[in-house]
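Counting from 1, the numbers follow the sequence of the chain as shown. The basis for the numbers below is simple: all heavy atoms, side chains too, and nothing from hydrogens, waters or symmetry mates.
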Amino acid sequence: MSVELKRRQFTVKEYDLMVEAGILKNDDRVELIAGEIIQVAPMGLRHASCLRRLNRIFNKLLYSKVIIDTQIPIQLNDESEPEPDLILLQWRDNFYEEKHPQPEDIFLLVEVADSTIKYDREIKIPLYAENGISEVWLIDINQQLVEVYRQAKGNSYRDVQQFFRGDILTIEAFDDINLTVEQILG
């Protein structure tokens with residue numbers, strides 16, 4: 001005998017109200033994905049180190065051109081407000097004071113994964129494509145590679161490439177800047 005359980009879906013507005021009311025705390029490691037509140041895995045040492053390295057690289061190369069955020073919410077639609085590991089945003093003098101960044105504000109979104117690679121590939125990457133994020137990098141710490149996703153169409157990307165140690169990659173919006181996989185992975 002199977003039992004069908006109904007799940008309560010939340011909107012971004014309801015989710016944000018839970019934060020404001022203190023139901024969800026700022027230090028709770030959760031994000032809203034497709035209407036569901038998902039607990040985020042704790043960050044390991046290699047993940048944190050890679051994120052710090054990326055933050056430093058991008059600050060050095062793009063400091064005056066973009067806003068660089070780490071683990072800050074973005075609003076994809078009315079049901080999803082993930083907190084990517086790092087995003088490069090269009091410059092705004094008000095630093096997005098009125099609302100969270102939207103897909104059209106994002107030059108590059110980066111997810112760093114060790115224990116969450118399957119979740120990132122199967123849930124988050126399709127969600128980013130579906131909402132028109134133009135470029136996503138998935139850094140696979142375990143396999144020591146960077147997957148680059150470009151040209152969103154539907155819930156996937158038409159251009160997917162893997163970069164390994166020894167390879168050079170660029171950010172599509174800043175094609176004059178070259179990075180090596182070694183710089184990213186350390």
Practice task
Ignoring hydrogens and angles, state whether a donor on the side chain of Asp114 or Asn142 is under 3.5 Å from an acceptor on the partner side chain.
Solution key: no
Handout entry: Heavy atoms of other groups near Arg56 CZ, more than 12 under 6.0 Å
Key = no
Handout entry: Donor + acceptor pair across side chains of His100, Asp16 (<3.5 Å)
Key = no
Exercise for the section: Hey, could you give me the NZ/CG distance between Lys13 and Leu32, rounded to the nearest 0.5 Å? Expected result: 14.5 Å
Practice task
Return yes if some donor-acceptor pair links the side-chain N/O of Asp175 with the main-chain N/O of Glu172 below 3.5 Å, else return no.
Solution key: no
Handout entry: Side-chain donor-acceptor contact under 3.5 Å, Asp159 with Gln161
Key = yes
Completion exercise
When rounded to the nearest 0.5 Å, the distance separating OG1 of Thr11 from CG of Leu17 is 7.5 Å
Exercise for the section: Starting at CG of Asp120, measure out to CD of Glu111 and round the result to the nearest 0.5 Å. Expected result: 5.0 Å
Handout entry: Ion pair check, Asp105 and Arg92, cut-off under 4.0 Å
Key = yes
Exercise for the section: Identify whether Leu108 and Phe174 are in the same connected component of the hydrophobic contact network (ILVMFWY, side-chain heavy atoms under 4.5 Å). Expected result: yes
Fill in the blank from the handout: Here the gap from Gln102 atom CD to Lys99 atom NZ, rounded to the nearest 0.5 Å, amounts to 4.5 Å
Practice task
Any chance you could pull the hydrophobic cluster mates of Leu76, using side-chain heavy atoms under 4.5 angstrom and chaining through other members?
Solution key: Ile33, Ile38, Ile67, Ile74, Ile87, Leu89, Trp91, Phe95, Tyr96, Ile106, Leu109, Ile117, Tyr119, Ile123, Ile125, Leu127, Tyr128, Ile133, Val136, Leu138, Tyr149, Tyr157, Val160
Handout entry: Residue pair Leu145 / Ile139, side-chain heavy-atom distance below 4.5 Å
Key = no
Practice task
Measure the acute angle between the ring planes of Phe58 and Trp137, then classify it against the limits of 30° and 60° as parallel, tilted or perpendicular.
Solution key: tilted
Exercise for the section: Not counting sequence neighbours, which residues clear salt bridge (Lys or Arg N to Asp or Glu O under 4.0 Å) with Glu104? List them please. Expected result: none
Handout entry: Arg8 CZ: over 12 foreign heavy atoms closer than 6.0 Å
Key = yes
Problem - Salt-bridge criterion met for Glu130 and Lys153 (N-O under 4.0 Å) - result: no
Practice task
Check the side chains of Asp140 and Gln144 for a donor-acceptor pair under 3.5 angstrom, ignoring hydrogens and angles.
Solution key: no
Exercise for the section: Kindly say whether Gly166 contributes a backbone atom to a donor-acceptor pair with the side chain of Glu182 at under 3.5 angstrom? Expected result: yes
Exercise for the section: Measure the spacing between CG of Asn131 and CG of Asn77 and express it to the nearest 0.5 Å. Expected result: 4.5 Å
Completion exercise
Rounding to 0.5 Å, atoms CD (Glu79) and CD (Gln9) come to a distance of 8.0 Å
Exercise for the section: Please answer whether the main-chain N or O of Arg150 pairs with a side-chain N or O of Glu135 as donor and acceptor at a distance below 3.5 Å. Expected result: no
Practice task
Determine whether the side chains of Gln39 and Arg29 contain a donor N or O and an acceptor N or O closer than 3.5 Å.
Solution key: no
Handout entry: Contact check, side chains of Leu179 and Ile168, non-hydrogen atoms, under 4.5 Å
Key = no
Exercise for the section: Flag the pair Asp85 / Thr70 as yes when at least one side-chain heavy-atom distance between them is below 4.5 Å, and no otherwise. Expected result: no
Practice task
Say whether, by atom type as modelled, one donor and one acceptor occur between the side chain of Asp69 and the main chain of Ile72 under 3.5 angstrom.
Solution key: no
Practice task
Answer whether the closest heavy-atom distance between the side chains of Ile57 and Leu61 falls below 4.5 Å.
Solution key: yes
Handout entry: Pair Glu147, Gln162: side-chain N/O donor-acceptor within cut-off below 3.5 Å
Key = yes
Exercise for the section: Please answer whether the main-chain N or O of Leu24 pairs with a side-chain N or O of Asp28 as donor and acceptor at a distance below 3.5 Å. Expected result: no
Problem - Test item: Ser80 side-chain N/O and Ala34 main-chain N/O as donor-acceptor pair under 3.5 Å - result: yes
